[in-house]
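Bear in mind the structure is a predicted one, so any value in this text is a computation, not a measurement.
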Amino acid sequence: MKRMFGTAAVLLTASLALAACGGGGSGGNPLDTTSAAPSGSASASGGKVIIGSANFDENTLLASIYAQALQAKGVQVEEKPNIGTREVIYDQVKSGGLTVVPEYNGNLLAFVDKETKAKTTDEVNAGLKEKLPPELEVLDSSPAEDKDTLTISKDTQAKQSLNSMDDLAKVSKTMVIGAPAEFKKRWEAELKSVYGIEFKDWKATGATTADAIKDGTVQVGNVFSTDPKIAANNLVSLQDTKNLFAAQNVTPLVNKAAVNDTVKTTLNAISAKLTTQSLLDMMQKIAVNKDEPATVAKEWLTSNGLG
């Protein structure tokens with residue numbers, strides 16, 4: 001199931017308590033905003049832009065791409081990586097404690113509109129424009145997505161002639177699927193109603209799903225589209241031709257009053273260049289080669305003429 005920046009409510013409460021009482025400075029709690037101007041108006045007139053990220057490598061990488069690109073344009077930037085939950089991050093951008101965060105448009109819309117039925121990029125972004133509060137704005141979405149997929153081995157693809165989830169429906173009753181435990185609860189009924197997909201059995205494989213596909217423990221797995229193990233394990237993700245899984249385009253979320261035209265045009269230029277494949281390639285460098293996200297971000301910006 002696509003990551004939702006979620007943690008248990010008790011952790012969120014603890015984080016908020018730390019934010020309220022923690023000290024400022026580089027050694028303080030990353031949720032502390034005592035040094036940030038709440039209105040963010042200074043950024044719009046050329047002041048500091050504060051870029052936050054959630055606590056996983058891909059989001060930290062994206063925040064570093066944003067930060068380094070803005071610095072190359074002469075913008076003063078402060079980074080607050082690995083903050084944690086969407087609940088905290090969203091409120092911080094709304095209040096002006098953060099200026100920019102890398103978001104995933106489908107999950108962001110689901111957060112602000114629990115009843116949304118939007119699936120495509122255009123539908124999701126139209127929903128965001130309608131539902132976001134006046135303090136917030138999404139900039140251009142990139143083609144890059146990190147979303148749920150049903151993934152198989154290339155060997156299974158060749159033997160069964162499988163390229164799409166439509167194809168999978170013809171043979172799914174003979175297959176075992178591996179996924180996080182919550183994926184079955186959320187998607188089993190929709191897989192059947194939209195595609196006619198039913199599985200022989202379900203196994204809760206969690207973070208080991210890609211490995212379970214590789215070793216044959218399961219024949220199909222729910223793997224995030226930018227997981228480096230897709231390439232490393234010689235796997236292939238099936239096409240979701242009916243948009244069962246909502247769009248999850250990487251999209252900058254900004255405090256509207258705190259960004260000027262330089263910030264907007266720079267971030268939009270990044271979105272225009274960023275693809276799912278390039279994100280997957282960068283994540284492989286981080287996950288497999290153990291390169292630092294900031295180094296990988298710099299390489300990507302330079303190769304795309306944005307550094």
- [ ] Starting at CD of Glu137, measure out to OG1 of Thr251 and round the result to the nearest 0.5 Å.
- [x] 12.0 Å

Open item on the list: A quick test of your reading: do over 12 heavy atoms of other residues, nucleotides or ligands sit less than 6.0 Å from NZ of Lys117?
Closed with: no

- [ ] Calculate, to the nearest 0.5 Å, the distance between atoms NZ and CG belonging to Lys170 and Leu162 respectively.
- [x] 9.0 Å

Open item on the list: Is it true that Thr121 and Ser141 share a donor-acceptor pair across their side chains at a distance under 3.5 Å?
Closed with: no

- [ ] Please assess Leu306 against Ile65 for the test side chain to side chain contact (heavy atoms under 4.5 Å, CB included), listing each intermediate value before the final yes or no.
- [x] CA-CA 9 Å; Leu306 297 171; Ile65 289 173; over 6 Å; no

TODO: Check the hydrophobic clustering (I, L, V, M, F, W, Y; side-chain heavy atoms under 4.5 Å; chains of links allowed) and say if Leu280 and Val288 are grouped together.
DONE: no

Task: Within residues 129-181 or reaching into it, pairs that qualify as ring pair (Phe, Tyr, Trp, His ring centres under 6.0 Å) - sequence neighbours excluded - done: none

- [ ] Please test Asp167 against Leu238 for side chain to side chain contact (heavy atoms under 4.5 Å, CB included), starting from the C-alpha separation and ending with a verdict.
- [x] CA-CA 9 Å; Asp167 298 332; Leu238 298 172; over 6 Å; no

Task: Donor on one side chain, acceptor on other, Thr226 and Asp146, under 3.5 Å - done: yes

Task: Residues Lys242 and Asp166 bridged, charged N to O under 4.0 Å - done: yes

Task: Qualifying residues under salt bridge (charged side-chain N to carboxylate O under 4.0 Å, His left out), relative to Lys159, sequence neighbours excluded - done: Asp155

Task: Ile83 CD1 to Ser53 OG distance, which is reported to the nearest 0.5 Å - done: 6.5 Å

TODO: Using the ring pair (Phe, Tyr, Trp, His ring centres under 6.0 Å) rule, collect all pairs that involve residues 244-281, keeping only residues at least two apart or in two chains.
DONE: Trp187-Phe245

Open item on the list: Could you check whether Gln157 and Asn163, counting side-chain N and O atoms only, form a donor-acceptor pair closer than 3.5 Å?
Closed with: yes

Task: Within 6.0 Å of NZ in Lys119, more than 12 heavy atoms from elsewhere - done: yes

Task: Within residues 277-290 or reaching into it, pairs that qualify as salt bridge (charged side-chain N to carboxylate O under 4.0 Å, His left out) - sequence neighbours excluded - done: Lys285-Glu299

Task: Pairwise distance CG(Leu168) to CG(Leu191) - rounded to 0.5 angstrom - done: 8.5 Å

Task: Pairs satisfying salt bridge (charged side-chain N to carboxylate O under 4.0 Å, His left out), at least one member in residues 196-212, at least two apart - done: Lys173-Glu198, Lys192-Glu198, Asp211-Lys229

Open item on the list: Which residues end up grouped with Ile230 if you chain together Ile, Leu, Val, Met, Phe, Trp and Tyr wherever their side-chain heavy atoms are less than 4.5 Å apart?
Closed with: Val176, Ile213, Val218, Val223, Leu235

Task: Side chains of Ser278 and Thr275, donor plus acceptor under 3.5 Å - done: yes

Task: Distance (rounded to the nearest 0.5 Å) between Glu78 CD and Gln76 CD - done: 8.5 Å

- [ ] For the residue pair Thr241 and Met165, establish whether any side-chain heavy-atom pair is separated by less than 4.5 Å.
- [x] no

TODO: I would like to know whether Ser237 and Thr151 meet side chain to side chain donor-acceptor pair (under 3.5 Å); could you show each step before the answer?
DONE: CA-CA 4 Å; Ser237 297; Thr151 293; 2.8 Å; yes

Task: Geometric class of the Tyr90/Phe111 ring pair [parallel <30°, tilted 30-60°, perpendicular >60°] - done: perpendicular

TODO: Decide yes or no for Val101 and Val254: does some side-chain heavy atom of the first lie under 4.5 Å from some side-chain heavy atom of the second?
DONE: no

Open item on the list: Under a 3.5 Å cutoff, is there a donor and acceptor pairing between the side chains of Asn255 and Glu135?
Closed with: no

Task: Any donor-acceptor N or O pair under 3.5 Å, side chains Thr60, Asn82 - done: yes

- [ ] Take Tyr104 and Leu62 through the test side chain to side chain contact (heavy atoms under 4.5 Å, CB included) and record every step on the way to the result.
- [x] CA-CA 11 Å; Tyr104 302 87; Leu62 291 165; 3.7 Å; yes

Open item on the list: For the backbone of Ala297 and the side chain of Ser64, can you confirm whether one donor and one acceptor N or O come within less than 3.5 Å of each other?
Closed with: no

Open item on the list: Taking the side chain as everything from C-beta on, heavy atoms only, tell me whether Ile51 gets closer than 4.5 Å to Val77.
Closed with: yes

TODO: Taking atom types as modelled, find out whether Tyr66 and Gln71 have a side-chain donor-acceptor pair closer than 3.5 angstrom.
DONE: no

- [ ] Report the C-alpha distance between Ser153 and Thr156 in whole Å, list the side-chain angles of each, state the deciding distance to 0.1 Å, and finish with yes or no for side chain to side chain donor-acceptor pair (under 3.5 Å).
- [x] CA-CA 5 Å; Ser153 69; Thr156 297; 2.9 Å; yes

TODO: Could you grab the distance from atom CG of Asn249 to atom CD of Glu103, nearest 0.5 Å is fine?
DONE: 12.0 Å

